[in-house]
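Inspection log for the structure reproduced underneath, given as structure tokens.
Everything numeric in this text was worked out from a predicted model, so none of it was measured.
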Amino acid sequence: MPDPLVRPPTGADREALLRLMDGYIVDFYHSPRPPRERLEALADLLAEGREGTQLVAEVDGELVGFATLYFTWSTLRAERISILNDLYLDGAARGTGAAAALFQAARSLSRERGCAEMEWQTAADNHRAQAFYAKMGGERGDWVSYSIV
């Protein structure tokens with residue numbers, strides 16, 4: 001597989017990106033499919049680039065993955081930070097270097113946006129992602145994550 005091109009998505013990428021996002025949500029994490037209009041609204045919000053943004057990985061003219069960054073602030077640091085909320089590749093692109101390319105592009109973008117650090121999290125049973133993040137220089141934190149609906 002040739003080296004991936006990592007770039008911001010364009011309007012022409014919309015359907016392919018929405019398919020990748022659906023694959024990430026439904027096929028990879030086995031979560032319920034969100035309504036199409038909500039997924040489209042999220043893509044629109046990220047395309048604006050204020051609260052967050054996305055990057056895509058393209059190989060031979062096809063999108064093979066995406067990363068999503070959200071921008072926020074750390075009260076403890078009193079600095080702007082980013083959260084790498086998603087880093088996903090379709091099955092054929094895994095193990096090709098595309099994940100590292102997406103990660104490095106997200107890290108660079110985070111720095112360009114003035115973020116002091118980039119945080120990320122993954123599922124406790126996603127050992128592949130945990131090993132990848134450790135390989136990329138990430139340090140496992142001591143914080144415990146909770147969710148509430």
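Below 30°, between 30° and 60°, or above 60°: for W120 and Y133 the angle between ring planes is between 30° and 60°, a tilted geometry.
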| request: Step by step, work out the salt bridge (Lys or Arg N to Asp or Glu O under 4.0 Å) result for D44 and R14. | output: CA-CA 9 Å; D44 291 342; R14 186 175 179 86; 2.7 Å; yes
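Nearest heavy atoms, Y29 versus A123: CE2-CB, 3.8 Å. Contact record, A98 with P4: CA-CG, 3.7 Å, taken as the closest heavy-atom pair.
Linking Ile, Leu, Val, Met, Phe, Trp and Tyr whenever their side-chain heavy atoms come within less than 4.5 Å leaves F66 and V59 in two separate clusters. Under a hydrophobic-cluster definition in which Ile, Leu, Val, Met, Phe, Trp and Tyr are linked whenever side-chain heavy atoms come within less than 4.5 Å, directly or via other members, M118 and W73 are assigned to different clusters. By the rule that hydrophobic residues join a cluster once side-chain heavy atoms approach within less than 4.5 Å of another member, V26 and L63 end up as members of one cluster. Follow the hydrophobic side-chain contacts under 4.5 Å out from L55 and you never reach L17; the two are in separate clusters. Linking ILVMFWY residues whenever their side-chain heavy atoms come closer than 4.5 Å, directly or via other members, leaves V64 and F28 in distinct clusters.
L102 CG to L69 CG: the interatomic distance, rounded to the nearest 0.5 Å, is 10.0 Å. In this structure, L42 CG and E51 CD are separated by 10.0 Å, a value rounded to the nearest 0.5 Å. Atom CD of Q121 sits about 13.0 Å away from atom CH2 of W143, to the nearest 0.5 Å.
Checked against side-chain hydrogen bond (donor to acceptor under 3.5 Å, both in side chains), E48 has the following partners two or more places apart in sequence or in another chain: R50.
Annotation: side chain of P2 is in contact with side chain of D60 (closest heavy-atom distance under 4.5 Å). Side-chain contact check for R94 versus F132: every heavy-atom pair is 4.5 Å or farther apart. Between T122 and R128, the closest side-chain pair of non-hydrogen atoms is not below 4.5 Å. Counting only heavy atoms from C-beta outward, the side chains of R7 and D13 approach each other to under 4.5 Å. I25 places none of its side-chain heavy atoms less than 4.5 Å from the side chain of R33.
Within a 6.0 Å sphere centred on CD of Q104, other residues, nucleotides and ligands contribute more than 12 heavy atoms.
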Using residues 76-90 as the side-chain source, report each donor-acceptor pair under 3.5 Å to any protein atom, sequence neighbours left out, with the distance given to one decimal.
{"from": "R77", "atom 1": "NE", "to": "E79", "atom 2": "OE1", "distance (Å)": "3.2"}
{"from": "R77", "atom 1": "NH1", "to": "E117", "atom 2": "OE1", "distance (Å)": "2.7"}
{"from": "R77", "atom 1": "NH2", "to": "E79", "atom 2": "OE1", "distance (Å)": "3.3"}
{"from": "R80", "atom 1": "NE", "to": "R113", "atom 2": "O", "distance (Å)": "3.2"}
{"from": "S82", "atom 1": "OG", "to": "S110", "atom 2": "OG", "distance (Å)": "2.6"}
{"from": "D86", "atom 1": "OD1", "to": "Y24", "atom 2": "OH", "distance (Å)": "2.9"}
{"from": "D86", "atom 1": "OD2", "to": "T68", "atom 2": "OG1", "distance (Å)": "2.9"}
{"from": "D90", "atom 1": "OD1", "to": "A93", "atom 2": "N", "distance (Å)": "3.3"}

